[in-house]
Amino acid sequence: MSYISDVLDEVKTRDPDQPEYIQAVEEVLTCLEPVIASHPEYQKAGLLERIVEPERQIIFRVPWADDQGQVQVNRGFRVQFNSAIGPYKGGIRFHPSVNLGIIKFLGFEQIFKNSLTGLPMGGGKGGSDFDPRGKSDHEVMRFCQSFMTELFRHIGPDTDIPAGDVGVGAREIGYMFGQYKRIADAFQGVLTGKGVAWGGSLARPEATGFGTAYFIEEMLASRGEKLQGKTIGISGYGNVGTFFIQKANQLGARVVTIADENGYVHDPEGISGEKLDFLMDLWCVYRRPAKDFADEFGLEWVEGRSPWEVPVDIAVPTATQNELCLEDAKLLLANGCKCIAEAANMPCTADAIDFFIEKDILFGPAKAVNAGGVAVSGLEMSQNSMRYSWTFDEVDAKLRKIMADIFAKTNQAANEYNCKGNLFMGANIAGFKKVADAMMAQGVI
Ligand code: GLU
C-alpha cells in the first residue's frame with residue numbers, strides 16, 4: 001500500500017459518515033502522487049495524516065426564538081482546519097444540508113484555495129443547518145446574534161476571519177458583525193464581506209463571479225481562444241452566478257441558462273439588461289425560485305431537468321456540491337461544450353471530473369476558478385489593517401492579476417509534474433506545496 005492510500009483508508013475508517021469530506025480528500029490526495037514520490041520526508045513527518053485532521057472543530061448549540069415566540073435550536077459549526085500559512089479564513093454556510101462532514105469538506109478545500117491566492121490565509125469554514133429561506137428579517141437577526149454569541153470567543157482578526165457562503169450574504173454578515181462588536185467591544189476586521197460603510201471592500205460582492213470570468217479568459221487564452229462570442233450555461237443565480245453573468249456580458253459572451261433544484265430557465269438571447277437587473281435581486285435579496293424569472297420575462301422554464309442538457313460552449317456550475325454528474329458531463333461534451341469551470345465548491349462529481357480529464361477538455365477546478373472571492377476577502381483584511389480603502393478599479397485590477405497568477409502557477413505545476421494542461425492536478429499540487437513547505441518548516445504541530 002502506498003502512503004497516500006493508507007492515509008485515505010484511515011480517513012474513510014475514521015469518518016465513514018462524511019462522504020463529501022472523503023470525496024474532497026480523495027480529490028486532493030490522488031493528485032499528489034508525484035509530489036509525495038519526490039518528497040519521502042513527508043511520510044516520516046506524518047504530513048498527510050496531519051493535513052487531513054482539522055486543527056480544531058467547534059460544534060455548538062444555537063437557540064433562538066421565532067416570530068411566534070417558539071424557541072428553535074440549530075447546530076453551529078466552525079472548523080479551524082489549517083493555520084500553516086495564515087489565520088483561518090473561510091466562509092459561513094447557512095443551509096439545512098449543513099453537517100460536520102460538509103463543513104469539513106469545505107474547510108479542507110479552503111486550505112488549498114487560499115494558498116493558491118498567494119495571500120497569507122489559512123483554511124477554515126463554518127455554518128449551521130439553519131435555513132434562512134422563509135424566515136423574517138427579525139428571525140434571521142436573532143439567529144445570527146445567537147450564532148455569534150458563541151462564535152465570537154473562537155475568532156479574531158489575527159486568529160480566524162469568517163465570511164459569507166451559501167445562505168450568508170451582506171444582511172447576515174451585518175447582523176453577525178454588529179453582535180461581535182457589541183460583545184467584544186472592538187471594531188475590527190473580524191469578518192469579511194462587510195458593507196463598504198463599515199469596513200468592507202469595494203468589489204467584494206462581485207469578486208467570485210468576476211474572478212471566475214477572468215480565470216476562464218486565461219484558460220481559453222492558453223488554447224488560443226477568447227470569451228467573446230461564446231455561449232455559456234450556468235446553474236445558480238446567487239452572488240456568484242449574477243456577477244459572473246455581468247462580467248461575461250462585458251467580455252462579449254452570452255449566458256443562456258440559470259437553474260435551481262427544481263429546473264432551469266433557458267434564454268437563447270442571453271441574460272442581460274433589465275433581465276439581469278431583475279435577476280440580481282431574485283435570490284440575493286428576495287430568495288425567490290428560478291421559475292419566477294421565467295414567468296416575469298416569458299422565458300422557457302424546463303421543470304425537473306438539469307441545465308447541462310442545453311448546448312453551450314462553456315459550462316459554469318455556480319450553485320453547490322455534486323450538481324454536475326457523469327451523465328451531465330457526457331451530454332455537455334456530446335453537445336459540443338469545450339470548457340467547464342467550477343465556480344461553486346466541488347460542483348462536479350469525481351467521475352465527471354475523470355471524464356473531462358480523460359477527454360482532455362479544458363477543465364478549471366473550483367479551488368482555482370472560484371478563488372477570487374476569498375482573494376478579495378484577503379484584500380479586505382489588508383485594507384482593514386491599513387485602515388484605508390482602495391477604489392473599485394484598484395481592487396478589481398488586483399483581483400484580475402491574482403486570477404492570472406493562479407492560472408500561471410496552476411499551469412506551471414501541471415507542466416512540472418508531467419501532466420501538461422491538467423489544471424485539476426496543477427491546482428491541487430500548487431495549493432498543497434506551499435502549505436506543505438510551511439508545515440515542514442514549523443515542526444510537528
Ligand atoms: N465562501 C467563499 C469561498 O468558498 C468565500 C470565503 C471568504 O471570503 O472567506 O471561498
Side-chain angles (χ1 to χ4, degrees), residues 20 24 77-83 85-95 98 102-128 151 155-157 159-170 172-173 176-177 189-195 199-212 215 236 238-241 243-244 284 317-321 323 341-347 364-384 395 398-399 402-403 406 427 431:
E20 294 85 1
F77 302 89
R78 186 73 185 167
V79 172
Q80 299 179 329
F81 225 119
N82 193 300
S83 61
I85 62 168
Y88 311 108
K89 179 83 196 87
I92 290 177
R93 175 176 291 194
F94 291 165
H95 192 270
V98 164
I102 296 274
I103 298 298
K104 277 176 67 184
F105 120 62
L106 291 163
F108 189 70
E109 287 276 301
Q110 203 79 44
I111 303 170
F112 309 104
K113 181 194 315 196
N114 294 0
S115 161
L116 282 173
T117 66
L119 301 171
M121 301 182 288
K125 201 87 182 192
S128 173
L151 187 67
I155 62 176
T159 314
D160 183 357
I161 307 91
D165 194 81
V166 174
V168 177
E172 290 76 14
I173 293 291
M176 287 193 273
F177 183 78
V190 71
L191 290 162
T192 60
K194 301 185 292 296
S201 174
L202 286 163
R204 176 62 189 89
E206 290 83 352
T208 316
F210 279 24
T212 297
F215 193 86
N239 168 265
V240 182
F243 284 112
F244 172 73
C284 290
T318 70
T320 194
Q321 64 270 5
E323 56 164 309
E342 294 188 308
N345 288 316
M346 208 168 73
K367 290 178 189 75
V369 173
N370 76 33
V374 75
V376 174
S377 276
L379 300 179
E380 182 172 330
M381 289 162 66
S382 304
Q383 294 169 82
N384 290 167
V395 178
K398 289 181 200 302
L399 169 65
I402 289 171
M403 298 313 294
I406 295 176

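Remember, it's 1-based here, ligands and their atoms both numbered in the order they're listed.
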Open item on the list: Using heavy atoms and a 4.0 Å limit, tell me yes or no: is Q110 in contact with ligand 1?
Closed with: yes
Open item on the list: Any heavy atom of R204 closer to ligand 1 than 4.0 angstrom?
Closed with: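 Distance cut 4.0 Å: R204 passes for ligand 1.
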Any side-chain heavy atom of [X] within less than 4.5 Å of one from [Y]?
X	Y	answer
Q383	L379	yes
M346	F105	yes
E380	N384	yes
V374	T117	yes

Let me confirm one number: the [atom1]-[atom2] distance from [X] to [Y], rounded to the nearest 0.5 Å.
X	Y	atom1	atom2	answer
I161	K89	CD1	NZ	6.5 Å
T212	E342	OG1	CD	10.5 Å
L106	I92	CG	CD1	12.0 Å
I402	L116	CD1	CG	11.5 Å

When you look for heavy atoms under 4.0 Å from ligand 1, do you find them on the side chain of [X], its backbone, both, or neither?
X	answer
K113	side chain
I161	neither
R93	neither

TODO: Please say whether G164 places an N or O atom under 3.5 Å from an N or O atom belonging to ligand 1.
DONE: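 Among all N and O atoms of G164, at least one is under 3.5 Å from an N or O of ligand 1.
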Nearest neighbour in protein (non-hydrogen) for [atom]:
atom	answer
atom 6 (C) of ligand 1	G91 N, 3.6 Å
atom 8 (O) of ligand 1	S377 OG, 2.5 Å
atom 9 (O) of ligand 1	K89 NZ, 2.7 Å

Which of the ligand 1 atoms, numbered from 1, are nearer than 4.0 Å to a heavy atom of [X]:
X	answer
D165	1 (N), 2 (C), 4 (O)
G90	9 (O)
K125	1 (N), 3 (C), 4 (O)
A163	7 (C), 8 (O), 9 (O)

Open item on the list: Under the rule for side chain to side chain contact (heavy atoms under 4.5 Å, CB included), what residues qualify as partners of V166, not counting sequence neighbours?
Closed with: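 Side chain to side chain contact (heavy atoms under 4.5 Å, CB included) check on V166 returns R93, H95.
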